[in-house]
Amino acid sequence: LVEKVKDHEDSVNYAKRIQVAMMQPEYVVKERLPDSFIIFQPKDVVSGDFYFIGRNREDNDIVVFSAIDCTGHGVPGALLSIIGFNFIQQAVREKGLTKPSDILTFLDDSVNRMLRQTGRESGVQDGMDLALCTLNKKTLEVQYAGAYNSMYYVTNNELHEIKADRSPIGVNESGIPDVYTNHVVQLKKGDTMYLLSDGFVDQFGGKKGAKFKYKPLRELLLTMQGDSMEQQKRKLERAFTDWKGPYDQVDDVLIIGVKV
């Protein structure tokens with residue numbers, strides 16, 4: 001039994017190395033988004049959440065970044081994350097897509113075909129929720145599209161939410177790809193934006209063992225605007241740890257923060 005457990009742990013730990021290697025390392029993230037942070041805290045060894053930070057192949061001033069939440073966590077979520085990462089990379093690097101809504105439609109169609117979900121052929125009803133942005137580092141224009149996951153940004157000390165379309169990536173029984181709404185926001189120097197999965201807000205904790213929820217998170221983000229992005233990261237990590245207390249972590253946690 002001990003040998004079986006050890007074999008399983010070794011296998012999953014090696015899978016983690018592969019998954020971490022798939023995502024962009026910190027020095028690449030800092031090169032493309034210098035004033036930013038990523039909180040990536042899987043529930044298990046491997047994660048159903050993952051992030052993507054890429055550049056347009058023709059214009060290095062256009063950065064594509066996304067926080068993606070696959071169905072489930074652990075090994076099933078990690079398998080989906082590899083599929084999702086591959087298709088986002090294909091959309092950005094090979095096809096040169098920069099409009100977030102086009103990237104999401106391409107991803108939606110690709111995942112649906114890969115998992116043979118039309119007409120429930122495979123019986124696999126798993127997909128992804130995500131928020132995806134492109135930032136023009138010269139003009140500071142941001143474009144956003146989302147599948148269930150909102151984008152938050154702070155300008156003039158006010159926090160704004162752009163809500164996502166309520167259509168997941170994948171799970172199209174009709175075989176017709178979803179069309180997503182493309183939002184355009186003009187930011188100015190010093191504004192901040194945030195993309196996240198639902199792992200932070202769904203965490204049980206506090207005195208009553210309740211969920212953290214979105215409103216307290218939005219309020220927390222607003223109080224941190226005088227802090228550096230590294231300080232914001234530490235405060236969010238501490239807030240999550242303090243809230244969770246003795247409770248088990250219920251889901252993967254992913255937050256991307258960017259100051260333009």
Side-chain angles (χ1 to χ4, degrees), residues 5-26 29 36-53 65-85 125-131 146-152 164 168-169 194-221 223-224 227 229-258:
V5 170
K6 185 179 184 304
D7 287 345
H8 173 73
E9 290 177 345
D10 289 346
S11 178
V12 174
N13 284 326
Y14 196 86
K16 177 183 179 179
R17 291 175 57 188
I18 295 173
Q19 187 179 43
V20 171
M22 173 186 75
M23 292 180 281
Q24 290 80 10
E26 184 176 2
V29 174
S36 65
F37 70 77
I38 297 177
I39 296 174
F40 178 63
Q41 189 170 322
K43 175 187 182 296
D44 303 308
V45 179
V46 289
S47 174
D49 286 6
F50 70 97
Y51 60 86
F52 177 87
I53 315 288
F65 57 101
S66 182
I68 304 97
D69 182 359
C70 299
T71 303
H73 46 78
V75 174
L79 287 173
L80 276 175
S81 77
I82 293 173
I83 293 172
F85 187 92
Q125 296 296 298
D126 297 294
M128 304 167 195
D129 300 334
L130 62 85
Y148 279 98
N149 290 356
S150 297
M151 166 194 167
Y152 302 90
I169 298 298
Y194 305 90
L195 308 180
L196 57 140
S197 68
D198 59 4
F200 192 112
V201 297
D202 283 348
Q203 178 60 45
F204 293 102
K207 294 180 180 179
K208 298 181 179 180
K211 290 184 177 182
F212 192 91
K213 296 187 177 179
Y214 283 97
K215 184 179 179 181
L217 177 59
R218 291 195 295 264
E219 293 171 349
L220 178 58
L221 291 174
T223 65
M224 301 189 304
D227 300 326
M229 298 309 281
E230 188 58 37
Q231 289 171 327
Q232 290 188 31
K233 178 181 181 180
R234 290 199 296 268
K235 285 186 176 181
L236 285 167
E237 289 174 332
R238 185 162 56 248
F240 182 78
T241 300
D242 291 345
W243 178 261
K244 182 167 70 71
Y247 292 87
D248 292 333
Q249 184 173 332
V250 299
D251 200 357
D252 304 316
V253 173
L254 174 61
I255 302 178
I256 300 174
V258 178

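Not counting sequence neighbours, the partners of D198 by the side chain to side chain contact (heavy atoms under 4.5 Å, CB included) test are D69, V201, D202, Y214, D251. For the side chain to side chain contact (heavy atoms under 4.5 Å, CB included) test, no residue two or more places apart in sequence or in another chain qualifies with P76. Under the side chain to side chain contact (heavy atoms under 4.5 Å, CB included) criterion, L220 pairs with T223, M224, L236, A239, sequence neighbours left out. For F200, the ring-ring contact (aromatic ring centres under 6.0 Å, His included) test picks out F212, F240, with sequence neighbours left out. Applying the side chain to side chain contact (heavy atoms under 4.5 Å, CB included) test to K215 and every residue at least two apart in sequence or in another chain returns R218, E219. Residues meeting the side-chain hydrogen bond (donor to acceptor under 3.5 Å, both in side chains) test with Q231, sequence neighbours left out: S228. Remark: Q203 engages no residue in a side-chain hydrogen bond (donor to acceptor under 3.5 Å, both in side chains) (not counting sequence neighbours). Contacts of K207 classified as salt bridge (Lys or Arg N to Asp or Glu O under 4.0 Å), with partners at least two apart in sequence or in another chain: none. Remark: D227 pairs with K235 by the side-chain hydrogen bond (donor to acceptor under 3.5 Å, both in side chains) rule, at least two apart or across chains.
Between atom CD1 of residue I256 and atom CE of residue M151 there is a gap of 12.0 Å, rounded to the nearest 0.5 Å. Distance check: S66 OG to M128 CE gives 10.5 Å after rounding to the nearest 0.5 Å.
The nearest pair of heavy atoms linking C70 to G77 is CB-O, 3.9 Å. Between Y194 and M229, the closest heavy-atom pair is CE2-CE, 4.5 Å.
Put simply, the residue from V75, I68, T71, I169 that forms a side-chain contact (heavy atoms from CB on, under 4.5 Å) with L80 is T71.
For the side chain to side chain donor-acceptor pair (under 3.5 Å) condition, no pair includes a residue of residues 236-248, sequence neighbours left out. Pairs of residues two or more places apart, or lying in two chains, that qualify as salt bridge (Lys or Arg N to Asp or Glu O under 4.0 Å) and include a residue from residues 8-19 are K6-D10.
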Could you pull out every donor-acceptor pair under 3.5 Å between side chains of residues 36-53 and any protein atom, sequence neighbours left out?
| unit_1 | atom_1 | unit_2 | atom_2 | d |
| --- | --- | --- | --- | --- |
| S36 | OG | L33 | O | 2.6 |
| Q41 | NE2 | Q249 | OE1 | 3.2 |
| D44 | OD2 | H73 | ND1 | 2.9 |
| S47 | OG | D49 | N | 2.8 |
| S47 | OG | D49 | O | 2.9 |
| S47 | OG | D252 | OD2 | 3.4 |
| D49 | OD2 | S197 | OG | 2.7 |
| Y51 | OH | Q24 | O | 2.9 |

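With S81 contributing its side chain and A78 its backbone, the two residues share a donor-acceptor pair below 3.5 Å.
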